[in-house]
Amino acid sequence: MKALSIDAMTREQDRQISEAVEREQTRLRNFIRRRVPDRGDVDDILQDVFTELVEAYRLMKPVQKVGAWLFQVARNRIIDGFLKKPPEALADFTKSAEAGEMLSLEELLPSPDAGPEAAYARTLLLEELQDALAELPQEQREVFLAHELEGRSFKELAAETGVRVNTLLARKRYAVLHLRERLQEIYDEFTKG
């Protein structure tokens, strides 16, 4: 009798997982594709997200809002991938300039072709930036990366996550304060010379 109920429960889980995959796959793939340039990485992240969904169901961890949960897992995987990439990968991201034009991180760093000292400085700066980002609490890091590097608005982030705009603003503010403090010493070293 118990085996029958386990089989029935497993079939119900399979049905719920299949429905979630069918319903969210296209939107989730597009979400990941907008943030990850490599198509192979997009597919890997998508597969990881759905694998985590299956694991959550199998471990009896209830997922109330499956869509929101899937997008949060995808966002976390994207950020994890971003932090694991070599420093050169940061050069693909952009930052808004005060005049409104987009400056790539590449334009803000010393040129890799400007000699060994510039190449060393570039590598050091990128490593320090990655380390500083990794030190942030997850919520702060996510807001900072989404707003500064992906160019997403706080309204958009609030609508997507269900977190109030003021909370998102506070998280970004704390992230910026940490990054400024953490990177001040290296900034001072480079501006002295």
Student: Nearest 0.5 Å, please: how far is CG in D48 from CG in D41?
Tutor: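 Rounded to the nearest 0.5 Å, the CG-CG separation comes out at 10.0 Å.
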
Student: Sequence neighbours left out, what passes side-chain hydrogen bond (donor to acceptor under 3.5 Å, both in side chains) with E160? Give chain and number order.
Tutor: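 side-chain hydrogen bond (donor to acceptor under 3.5 Å, both in side chains) list for E160, sorted by chain: R75, R152.
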
Student: Between H178 and E135, is there a side-chain donor-acceptor contact under 3.5 Å, judged purely by atom types and distance?
Tutor: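 Per modelled atom types, E135 and H178 side chains form a pair under 3.5 Å.
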
Student: According to a hydrophobic-cluster definition based on side-chain heavy atoms being under 4.5 Å apart (Ile, Leu, Val, Met, Phe, Trp, Tyr only), do L46 and V54 belong together?
Tutor: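 In one cluster with L46: V54, yes.
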
Student: Which pairs with one or both residues in residues 166-181 pass salt bridge (Lys or Arg N to Asp or Glu O under 4.0 Å), sequence neighbours excluded?
Tutor: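 The answer is E148-K172.
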
Student: Determine the minimum heavy-atom distance between R164 and A158, stating which atoms define it.
Tutor: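 So the minimum-distance heavy-atom pair works out to C-CB, 4.5 Å.
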
Student: Are side-chain heavy atoms of N30 and R33 found at a separation under 4.5 Å?
Tutor: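 In contact.
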
Student: Quick one: CD on E156 to OG1 on T161, what's the gap to the nearest 0.5 Å?
Tutor: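 Here the interatomic distance stands at 10.5 Å.
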
Student: Can you get from F50 to F31 by hopping between Ile, Leu, Val, Met, Phe, Trp and Tyr side chains that sit under 4.5 Å apart?
Tutor: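 Looking at the clustering, F31 is in the same group as F50.
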
Student: Do R29 and D43 come close enough that some side-chain heavy atom pair is under 4.5 Å?
Tutor: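 Answer yes - side chains close enough.
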
Student: First locate atom OH of Y174, then atom CD of E139, and finally report the distance between them rounded to the nearest 0.5 Å.
Tutor: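 Nearest 0.5 Å value for the OH-CD distance: 13.0 Å.
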
Student: Transitively linked via ILVMFWY side-chain contacts under 4.5 Å: V21 with I45?
Tutor: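 Result: yes, single cluster for both.
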
Student: F144, L168: one ILVMFWY side-chain cluster at the under-4.5 Å cut-off?
Tutor: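 Different clusters: F144 never reaches L168 through Ile, Leu, Val, Met, Phe, Trp or Tyr contacts under 4.5 Å.
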
Student: Could you tell me how the ring of H147 sits relative to the ring of F154: parallel (under 30°), tilted (30 to 60°) or perpendicular (over 60°)?
Tutor: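 Ring orientation of H147 relative to F154: parallel.
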
Student: Test V163 against L157 for side-chain contact (heavy atoms from CB on, under 4.5 Å), laying out the working first.
Tutor: CA-CA 8 Å; V163 177; L157 292 170; over 6 Å; no

Student: Using 0.5 Å steps for rounding, measure from the CG atom of L177 to the CZ atom of R182.
Tutor: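 Between L177 CG and R182 CZ, I get 15.0 Å after rounding to 0.5 Å.
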
Student: Would you check if L70 and L53 make a side-chain contact, meaning some heavy-atom pair closer than 4.5 Å?
Tutor: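 In contact.
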
Student: Shared ILVMFWY cluster between V42 and V73, side chains joined below 4.5 angstrom?
Tutor: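 Yes, it is one cluster - the side chains of V42 and V73 are joined through contacts under 4.5 Å.
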
Student: Between CZ of R77 and CD of Q72, what distance do you get to the nearest 0.5 Å?
Tutor: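 Output value for this atom pair is 12.0 Å.
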
Student: Specify the closest pair of heavy atoms between L28 and A74, including all atoms of both residues, with the distance to one decimal.
Tutor: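 Shortest heavy-atom contact: CD1-CB, 3.8 Å.
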
Student: Just so I know, are the side chains of E142 and Q138 near enough to count as touching, which here means a heavy-atom distance under 4.5 Å?
Tutor: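 Heavy-atom side-chain distance check passes, below 4.5 Å.
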
